[in-house]
Structure formats: C-alpha cells, structure tokens
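Shown next, in structure tokens, is the structure this report addresses.
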Amino acid sequence: MRIEHSPMPVLQPGDVLLRVDAALLCGTDVRIFEGRKQKNVTFPSVLGHEFAGTVVDANGPLPDGVGMGDQVAVYPLVTCGSCTACRRGHENICRNRRAFGYQLTGGLSQYVHVPAVARQNLVPVPGVPATQAAIIEPVACAYNGQQLAGMSKAQTALIVGCGPLGLIHAGLAKSFGVEKVAAVDPIAGRREMATRFGADLVLEPGPDTAAALDDFTDGGIDVLVMAIGRIDALTPYLGSLAPGARVSVFAGFGADADLAVSANDVHYNEWTIVGASSCRLDGFHAVAPMVASGQLPVAELIGTQLPLDRAVEAIALAGSGADMRVGVDPWA
C-alpha cells in the first residue's frame, strides 16, 4: 500500500465531487489488503466502501434532495439493471456490479469522484458526525439480512457474535419488534454493549449456553444470525432452533468454510437457510433516519480513527477484532 498525490478529478456531465469526511474499514477491506479477496477487485485500487462526505462540486444539477454542501453517505454499489440478479430484484448481488473501494476510487482518499451513473447513490445525512453517517452502509447490510430472514415475523432471535455488525443486528431486531433477543459473544465488554443495543439475554459461549437459550426462548429460536465468520456460530445451537426457523448466513467466511446441517433436520423442521450479501439502496434510505435520529446508538460503534498515513496500521487494527469500527481520517 502506498499514498499517492493525484490531480483533482475532471467532472463529466452528471458527475459529483465529494470531500471525504470519514471512512470506515470492514473485514472485506482487510481481506483485500491481505490478498485473500481478489475477485471483483481492480488493482491498484483505493480502498473504502463505508464513507461519508460533503458535496463540494457537481457538473450539472444535483440529485433530488441533495444540495451543495450537504453531508451524504454513499451507497457503494453501481449495478447494471439488466442481469438476472437485477431483473429478479437482487440488485445488490448484480453480476456486473461495480463498487467504490473495489473498482471505483473508495473512501481512503481526500476527494471521491462520483460518476453520473452513481449520482443517485448519495443519501443525505444531516446533523450527525461523519463517522456515524459512514456507518450507515453496514447498518443497511444488516437490514438487508434481516429482511431476507423475516426478522419482523420473529418472536425470538439469536445473534452470534457481538462485533459492530452483531450489535447492529441486535438493535435492528428490537426495532423490528422481536420480543426476545439473545446475543452470544466470548468478550465481556461486547456482551455488555449488546445489552445496551437491546439484547434481552447475553451469554458467553460454553457447554451450558444452548440450555440457557432453550429456557429463554421457551419454544426455540425463530431467527439465528451468524454475525461472525465461524461455523460454530451455528452448530452448537442447531438443537435450539424452532420449527420453521430461519438461519441468516450473514458474515463473510473463509474459502474453506463448509456448513454442515442434517438434511432431515432441515426437512422435518422446515428450516430456511438464507444468505445475505451487501445491501440495497432502498435499505440505505430506510436506515439513514434510524441513524440520524439516534434510534440506533451507533456512536458506540465508532472505534479508533487514524490518519491516512497510518492506514496500514488501521487495517491491522480492524482485522484484529480488538476495537469497534476502525476508520481512516484522510485529512488528519
């Protein structure tokens, strides 16, 4: 990784220029940096798909609802609209998609050029710190996962893993009206945070955890969210799933991770196992007011923010799991 000085982008008709005010890092950025993720990434690439900035220039009228000087969060995907995924309403897994931080210049930069084709991706988020506006992207990812898993129809939910995304899942589940939300994590501080995000029961993983969940749910878990990329986020709790349960395979997993579930258990219990990848623009718009209003206490999720010349250190810290949402300040 290196830092380069580049000329300011020349805006074509419809293009917008953002001054980046905050850029956060996720596990995908770590995997790209370490070379463990290369598919759909153009090298060399400026990382960063979770960012917020200020509109400072535009070649032509701005999108509806966006004004010069507004703070915006950036929906990172540019989709084709014509592939099978897009035609069937799964534009977030568009087979021809491009994304900021993958093929387009990402948020680890002082300015980002938003091409005309992505100008509708700017979502106004006034009146909140830029780091909180930047975290709208992972919130929208969790929202997408919960929509796919039918969280709003659940009476009980289990979130396994209480990193930033797991905590977001706990808060969203309560906002969807889930009566009983349990969370499991080995780190005491994260279990404490899960309570503040709405979890009714927080547990340390161990031999008695499943039995405690059975007592708590009194009938089983309706939705289980695998919010950490480990197979043991599911296997210890298979016996605690309710009839008709849904399992959200939400987190990213290593290439050699295989999920083993008894076919008869799935068959006779009518379980549903559903994936969740990235987010949709309508989800971005749905969660932005939740962040702006403080309905989700995302300020607690913002971890260490390091200057751009310490980006490698920031990526290492993000990959360690020892902090909340680590970020890079391109102006520090």
Side-chain angles (χ1 to χ4, degrees), residues 6 8-26 28-29 31-32 37-66 70-125 133-145 147-148 252 275-288:
S6 301
M8 290 290 282
V10 176
L11 302 185
Q12 301 301 315
D15 292 356
V16 178
L17 185 68
L18 297 183
R19 177 192 190 275
V20 177
D21 298 320
L24 304 178
L25 297 167
C26 86
T28 303
D29 298 309
R31 292 194 294 274
I32 292 172
K37 178 177 174 58
Q38 299 186 24
K39 184 178 180 181
N40 297 327
V41 180
T42 299
F43 294 95
S45 180
V46 178
L47 287 175
H49 60 274
E50 300 178 10
F51 64 100
T54 301
V55 177
V56 294
D57 199 4
N59 187 344
L62 286 165
D64 290 344
V66 177
D70 283 356
Q71 176 176 265
V72 295
V74 182
Y75 175 65
L77 304 183
V78 180
T79 60
C80 74
S82 59
C83 70
T84 301
C86 285
R87 292 198 312 270
R88 296 182 178 177
H90 296 277
E91 61 273 13
N92 53 306
I93 52 173
C94 168
R95 296 317 190 212
N96 304 307
R97 72 183 189 181
R98 294 180 294 152
F100 293 96
Y102 291 73
Q103 299 89 4
L104 305 174
T105 295
L108 270 64
S109 179
Q110 291 181 326
Y111 292 92
V112 165
H113 166 225
V114 179
V117 70
R119 63 201 311 273
Q120 298 300 328
N121 293 28
L122 306 180
V123 178
V125 193
I135 212 167
I136 285 174
E137 195 275 345
V139 175
C141 291
Y143 179 88
N144 175 59
Q147 292 285 93
L148 291 167
S277 179
S278 192
C279 55
R280 306 183 191 192
L281 183 56
D282 59 355
F284 230 75
H285 283 283
V287 303

Locate the shortest heavy-atom distance separating [X] from [Y]; write the atom from each residue and the value.
X    : Y    : result
V20  : G107 : CG1-O, 3.4 Å
A140 : F284 : CB-CD1, 3.7 Å
C86  : T79  : SG-CB, 4.0 Å
C94  : C80  : SG-N, 3.3 Å

Quiz prompt | Qualifying side-chain hydrogen bond (donor to acceptor under 3.5 Å, both in side chains) pairs, either residue in residues 50-63, two or more places apart | solution = D21-T54, E50-R325
Practice problem: Can you tell me which residue pairs pass the side-chain hydrogen bond (donor to acceptor under 3.5 Å, both in side chains) test with a partner in residues 89-103, sequence neighbours excluded? | Solution: H90-R280, N92-R280
Quiz item: Under the side-chain contact (heavy atoms from CB on, under 4.5 Å) criterion, do D29 and L108 qualify, and how do the steps go?
Solution: CA-CA 11 Å; D29 298 309; L108 270 64; over 6 Å; no
Quiz item: Is any side-chain heavy atom of R87 closer than 4.5 Å to a side-chain heavy atom of S82?
Solution: no
Quiz item: Do V56 and L18 have side-chain heavy atoms sitting under 4.5 Å apart?
Solution: no
Below 3.5 Å, can you tabulate the donor-acceptor pairs from side chains in residues 109-118 to any protein atom, sequence neighbours excluded?
| residue | atom | partner | partner atom | Å |
| --- | --- | --- | --- | --- |
| S109 | OG | Y111 | O | 2.9 |
| Q110 | NE2 | P330 | O | 3.2 |
| H113 | NE2 | D15 | OD2 | 2.8 |

Excluding sequence neighbours, so at least two apart, what forms side-chain contact (heavy atoms from CB on, under 4.5 Å) with [X]?
X    : value
A133 : A52, Q71, V125, V128
R31  : T28, R36, K37
S6   : none

Self-check item: Positive for side-chain contact (heavy atoms from CB on, under 4.5 Å) with F100, one of T105, V74, V46, L77
Solution: V74
Quiz item: Do N144 side-chain atoms and C279 backbone N/O form a donor-acceptor pair below 3.5 Å?
Solution: no
Exercise. Mind running side-chain contact (heavy atoms from CB on, under 4.5 Å) on Q12 and V10 for me, showing each step along the way?
Key: CA-CA 7 Å; Q12 301 301 315; V10 176; 4.0 Å; yes
Self-check item: Y143 OH to D282 CG distance, which is reported to the nearest 0.5 Å
Solution: 7.0 Å
Self-check item: Step-by-step side-chain contact (heavy atoms from CB on, under 4.5 Å) determination, V16 to L122
Solution: CA-CA 10 Å; V16 178; L122 306 180; 3.9 Å; yes
Exercise. Evaluate the criterion side-chain contact (heavy atoms from CB on, under 4.5 Å) for residue pair M8 and L17; output intermediate values, then yes/no.
Key: CA-CA 9 Å; M8 290 290 282; L17 185 68; 3.4 Å; yes
